[in-house]
Amino acid sequence: MSTSMPHAFDPTLATAAPWWRPRAGDRLVIRGGRRLFGRYPISGAKNAVLPLMVSALLTPHLVTLHNVPASLDVAVLATLLQRLGVGLAWSEGSAGLSLTLCADQVQPGRIDGALVARMRASVLLLGAILARCGAASLPLPGGDAIGLRGIDFHLAGLRAMGARIELHSGLIRAEAPDGLHGAEIFLPFPSVGATENLLLAAVLAQGRTTLHNIAREPEIGDLIGCLCAMGAKIADTGGGVLAIEGGVQLTGAIHTVMPDRIEFGTIACAAALTDGEIVLDHTQAALLGAAGPLLAEAGVALEPIATGLVARRAPAGLAGIDLTTQPFPGFATDLQAPVMALLTMARGASAVTEAIFEQRFRHVDELRRMGANIQVQGRTAWVRGVVRLQGARVTASDVRAAAALVLAGLAAEGETVLDGLDHLDRGYDGMAEKLVACGADIIRSVAG
Ligand code: UD1
């Protein structure tokens with residue numbers, strides 16, 4: 001947990017996440033042009049820790065998570081869980097920030113709508129609460145403005161497991177008075193959230209659930225690892241199919257959250273973009289899937305060392321690439337924006353196609369304000385590399401757009417002021433502070 005910068009205090013989250021400080025009105029002032037050298041500790045993965053925290057709802061026993069990232073989404077989910085009656089205990093030690101959750105009593109009626117609206121991943125509560133309590137009522141979740149992000153696969157899967165679900169004026173009401181039962185479920189698309197939600201529900205449902213066309217993101221493997229440590233019976237039968245023998249009494253578990261592969265890919269881009277050299281501990285190139293070889297082609301060199309990887313610019317410099325976002329092991333949509341920031345300064349042209357979300361180019365206008373040459377046609381952004389970016393006042397519209405604008409600010413001449421900092425805070429634990437430790441000139445300006 002990084003605490004070196006002054007932060008305002010957000011009282012809403014204070015009880016459940018006493019370490020939380022930043023507030024939405026903060027902004028970053030980045031003076032670009034410095035080469036970054038040093039060691040950047042990659043935090044636990046945001047997309048892994050959220051379902052892991054929810055998994056504690058499935059058991060009355062203690063679940064302890066190590067390497068928890070101190071980010072806004074974690075603070076919001078902790079607050080949601082606390083309001084549901086889950087006991088939380090935080091500690092800090094050699095394994096980073098640790099959280100022990102105790103869901104010996106769950107009060108499903110106490111979901112906080114305002115908090116659910118702050119985070120899309122709160123929909124994961126639905127499967128777990130329904131499976132544990134037989135009923136759940138949840139406002140439709142909020143989160144990033146990056147597309148439709150329906151939850152129809154989640155609801156169809158839970159219905160197949162015996163839930164009765166109604167949607168009324170922005171509220172999801174679900175009940176399974178006789179409990180959930182196993183089912184054969186085919187996901188129309190390998191949705192990360194739907195896979196996790198249905199997995200969480202299936203572990204407690206009576207009988208066997210077969211889940212076809214699951215998402216294969218590494219964070220799902222992390223969740224399966226933790227659930228199996230709690231005694232769940234989950235078999236990966238290959239070909240994107242999971243077989244879950246439900247109805248098991250779960251114990252507690254102690255689990256270390258996997259490293260954040262998106263933060264890792266982003267900071268590797270920062271090293272190459274600023275022509276610096278950054279040591280990334282506890283990481284391995286395989287976590288990047290198809291993005292690994294593509295980043296190498298773009299001029300991001302990753303050298304394995306005993307403790308992880310060293311990232312730097314390849315001797316031939318940065319070069320344009322064509323990429324299309326895909327479910328894992330394809331190129332991660334969460335790396336699209338940061339990699340686009342890199343490509344704005346690469347030699348030649350790049351075609352960046354976003355195939356997962358419909359509205360994930362909202363960083364393009366902001367990058368253009370900084371001098372980037374990008375044209376969008378449908379789902380493809382055509383990027384022509386420029387020799388320099390200029391600092392500007394820019395606003396982040398989602399978590400990954402925020403990271404992209406930080407990268408652009410680090411490479412730009414002059415001063416970049418980044419608003420919409422709550423988006424950066426949602427997904428990253430102290431990114432600005434960790435970059436400062438590598439030589440970046442970044443000041444967090446606290447809201448008045
Ligand atoms: C998760 C990640 C997010 C990442 C995304 C894709 C978390 C907390 N968030 O989001 O960072 O960008 O995976 O890798 O892990 N869809 C439907 N109906 C559904 C579910 C999904 O149409 O019921 C569509 C969505 O609109 C989207 C696509 O499927 O176009 C992928 O969504 P999904 O994989 O579910 O993403 P999230 O779980 O929301």
Side-chain angles (χ1 to χ4, degrees), residues 44-55 69 71-74 76-77 80 116 118-127 138 140-160 165 167 172 185-201 211 213-223 240 257-258 260-263 265-266 287-291 324-339 353-363 379 397-404 423-424 426-428:
K46 163 182 114 62
N47 287 354
V49 73
L50 300 175
L52 287 168
M53 288 168 70
V54 173
S55 73
S71 65
L72 174 56
D73 271 4
V74 168
V76 169
L77 183 56
L80 270 165
V116 168
R118 285 172 80 162
M119 189 179 64
R120 173 173 164 84
S122 46
V123 72
L124 296 177
L125 294 167
L126 190 65
L138 193 77
L140 282 166
D144 286 333
I146 57 175
L148 295 174
R149 303 192 85 173
I151 54 165
D152 45 338
F153 310 155
H154 303 237
L155 302 187
L158 291 172
R159 283 188 174 118
I165 303 179
L167 300 181
I172 311 167
I185 300 171
F186 294 80
L187 291 175
F189 179 85
S191 153
V192 174
T195 302
E196 292 166 346
N197 217 341
L198 299 175
L199 183 54
L200 288 162
L211 207 46
N213 198 25
I214 57 156
R216 301 179 211 203
E217 270 63 6
E219 292 75 16
I220 289 172
D222 210 30
L223 176 63
V257 182
M258 65 171 281
D260 195 315
R261 65 196 165 96
I262 305 302
E263 184 181 34
T266 302
L287 282 177
L288 294 176
T324 301
T325 62
Q326 297 288 346
F328 195 84
F331 193 102
T333 172
D334 286 347
L335 279 175
Q336 180 257 108
V339 171
T353 302
E354 174 55 58
I356 307 283
F357 292 110
E358 318 82 49
Q359 292 171 27
R360 214 172 200 183
F361 281 148
R362 296 176 74 184
H363 45 284
R379 289 197 149 197
S397 53
D398 70 69
V399 177
R400 310 309 174 183
H423 291 296
L424 190 73
R426 277 189 51 203
Y428 303 96

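When a ligand or atom number is given, it counts from 1 through the structure's own listing order.
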So is there a nitrogen or oxygen of F357 less than 3.5 Å from a nitrogen or oxygen in ligand 1?
no
Have a look at D73 and tell me which of R120, R118, K46 forms a salt bridge (charged side-chain N to carboxylate O under 4.0 Å, His left out) with it.
K46
Any donor-acceptor pair under 3.5 Å linking the side chain of D222 with the backbone of M258?
yes
Region of R120 that comes within reach of ligand 1 [heavy atoms, distance under 4.0 Å]:
side chain
Which residue in the set R400, R360, Q326 passes side chain to side chain donor-acceptor pair (under 3.5 Å) when paired with T333?
R360
Separation between CG of L77 and CG of L124, rounded to the nearest 0.5 Å
8.5 Å
Only one of V257, V74, L125 forms a side-chain contact (heavy atoms from CB on, under 4.5 Å) with M53, so which one is it?
V74
Closer than 4.0 Å to some heavy atom of F153 - which atoms of ligand 1 meet that?
16 (N), 17 (C), 18 (N), 19 (C), 20 (C), 21 (C), 22 (O), 23 (O)
What do you reckon, does E196 have a nitrogen or oxygen under 3.5 Å from a nitrogen or oxygen of ligand 1?
no
Just distances here: any N/O of A121 and N/O of ligand 1 closer than 3.5 Å?
no
Roughly how far, to the nearest 0.5 Å, is CG of L158 from CD1 of I172?
9.5 Å
Numbered atoms and elements of ligand 1 in range of F189, under 4.0 angstrom, heavy atoms:
28 (C), 29 (O), 31 (C)
Hey, which atoms in ligand 1 end up nearer than 4.0 Å to a heavy atom of G193?
35 (O), 38 (O)
Pairs of nitrogen or oxygen atoms closer than 3.5 Å, one from K46 and one from ligand 1: do any exist?
no
Please check if the number of heavy atoms outside R379 that lie under 6.0 Å from its CZ is greater than 12.
yes
Show me which atoms of ligand 1 lie under 4.0 Å from any heavy atom of T333.
6 (C), 12 (O), 14 (O)
Kindly determine whether I356 and F331 satisfy side-chain contact (heavy atoms from CB on, under 4.5 Å), including the steps that lead there.
CA-CA 10 Å; I356 307 283; F331 193 102; over 6 Å; no
Just distances here: any N/O of A194 and N/O of ligand 1 closer than 3.5 Å?
no
If hydrogens are left out, which of D152, V192, V399 has an atom nearest to atom 34 (O) of ligand 1, that is, the closest non-hydrogen atom?
V192
R360 heavy atom under 4.0 Å from ligand 1
yes
Under the side-chain contact (heavy atoms from CB on, under 4.5 Å) rule, collect the residues that match up with T195, sequence neighbours excluded.
L187, I214, A215, I220
Output the distance between atom CG (L72) and atom CE (M119), rounded to the nearest 0.5 Å.
9.0 Å
Honestly, for I262 the part within reach of ligand 1 (heavy atoms, under 4.0 Å) is neither
For ligand 1, which atoms have a heavy atom of D334 less than 4.0 angstrom away?
3 (C), 4 (C), 11 (O), 12 (O)
Of A45, G150, S122, the residue with the heavy atom nearest atom 21 (C) of ligand 1 is G150
